[in-house]
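Everything quoted here is computed from the prediction, not taken from an experiment.
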Number of protein chains: 2
Amino acid sequence: MTAVTIACCAPIAREPLSESDAAELAIMLKAVADPIRLRLLSMIGSHAGGEACVCDLTGAFDLTAPTISHHLKTLRTAGLIDGERRGTWVYYRIIPEAVNRLGALFAPLAEPATL
Amino acid sequence: MTAVTIACCAPIAREPLSESDAAELAIMLKAVADPIRLRLLSMIGSHAGGEACVCDLTGAFDLTAPTISHHLKTLRTAGLIDGERRGTWVYYRIIPEAVNRLGALFAPLAEPATL
DNA sequence: GCGCTACTTAGACAAGCTTCGAAACAAGAG
DNA sequence: CTCTTGTTTCGAAGCTTGTCTAAGTAGCGC
């Protein structure tokens, strides 16, 4: 992603998305379009050191460990988080570029001083 | 939403999302987590005047009118777009606050000098 | 009124997603 | 090696979603 965000509007409101871009972005959006995964992402991102081990995550939900693992895999497959094993535990961290890309899609929509 | 975005990180990476916030945001995200709806949103937002009539939208897809209408309703129900009938045609426009909210969730993620 | 066009709603079906339990797998401690 | 902790994979039940056809509503022109 070397695209520079110019000024006016969110990319989504500047020109029509191509079919392939839309498909690619939808995959990422689908990954975060779930309350559990949204909270998982938030917990990982806000955890001390920017990373969290699965054991920290599992306790916050009324879900079984395999289910949490499945959601984490969904986020990982979408390229939003990355996992690393250190000893017994697996630590996950956010991939900022991916999250930024989603933000950039919608974010710089209007309402600077000039509007 | 009177929350002021402070500085450091995206909201999602600053503190864990509450269960209710996550549920609410997931509804909006689900609405955009679809290639068709993403393109519809983009086409509406980038159309001249900031609004597009359904007749402009339908032709761009290999889908029947009811299906397009269904997707538009999903976006409208999620609070992302608003529709208005003028004569024979129905015009849709983006609701900037809603789109901005999604952007603010992810956008200001780190990578300033101090991190 | 009548027909025509633009759009929405209703109902039905296939496909996919979420969740679970059980079992298999990996890494470290004794 | 065996035990424990933690993670992943597999298979199945239940629910949600995307799409269609058919029918309904709203405005325009004859």
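- Of the candidate nucleotides C:dT19, C:dC7, D:dT7, D:dT7 has the atom nearest to the side chain of A:Val54.
- Between A:Thr64 and C:dC20, a side-chain N or O to OP1/OP2 separation shorter than 4.0 Å is present.
- At the phosphate of D:dT19, OP1 or OP2 sits under 4.0 Å from a side-chain N or O atom of B:His71.
- Within 4.0 Å of A:Tyr92, counting heavy atoms only, lie sugar-phosphate atoms of the nucleic acid but no base atom.
- Note on B:Tyr91: every side-chain N or O is 4.0 Å or more away from OP1 and OP2 of C:dC7.
- Looking only at distances, a side-chain donor or acceptor of A:Arg37 sits under 3.5 Å from a matching main-chain atom of A:Lys30.
- The side chain of A:Thr67 places an N or O atom within less than 4.0 Å of a non-bridging phosphate oxygen (OP1 or OP2) of C:dC20.
- For the pair A:Lys30 and A:Ala65, both in contact range of DNA chain D, the more 5′-proximal nearest nucleotide belongs to A:Ala65.
- Listed nucleotides C:dT9, D:dT17, D:dG6 differ in distance to B:Pro66; the shortest reach to its side chain belongs to C:dT9.
- Counting non-hydrogen atoms under 4.0 angstrom, A:Cys53 reaches nothing in the nucleic acid.
- The interatomic distance linking B:Phe61 (CZ) with D:dC20 (C1') rounds to 17 Å, in whole Å.
- The phosphate of D:dG18 (OP1 or OP2) has a side-chain N or O of B:Arg37 nearer than 4.0 angstrom.
- A:Asp56 has its CG atom 11 Å from the P atom of D:dG6, to the nearest Å.
- A distance-only check finds a donor-acceptor pair linking the side chain of B:Arg85 to the backbone of B:Gly87 [under 3.5 Å].
- For D:dT7, neither phosphate oxygen OP1 nor OP2 lies less than 4.0 angstrom from any side-chain nitrogen or oxygen of A:Lys73.
- The phosphate of C:dT8 (OP1 or OP2) has a side-chain N or O of B:Ser69 nearer than 4.0 angstrom.
- Atom CG in A:Asp34 sits about 14 Å away from atom C1' in D:dT17, given to the nearest Å.
- Within 4.0 Å (heavy atoms only), A:Asp62 reaches sugar-phosphate atoms of the nucleic acid but no base atom.
- OP1 and OP2 of D:dG6 both lie 4.0 Å or more from every side-chain N or O belonging to A:Arg86.
- Closest to the side chain of A:Trp89, from the set D:dT8, C:dC7, D:dT7, is D:dT7.
- Atom-to-atom, NE2 of B:His70 to P of D:dT19 comes out at 8 Å; the value is rounded to the nearest Å.
- Atom pair A:Leu75:CG and D:dT7:C1' shows a separation of 16 Å (rounding to whole Å applied).
- Closest to the side chain of A:Leu63, from the set C:dC20, D:dT17, C:dT18, is C:dC20.
- Inter-residue side-chain proximity for B:Arg101 and B:Leu25 is flagged as met; some heavy-atom pair is nearer than 4.5 Å.
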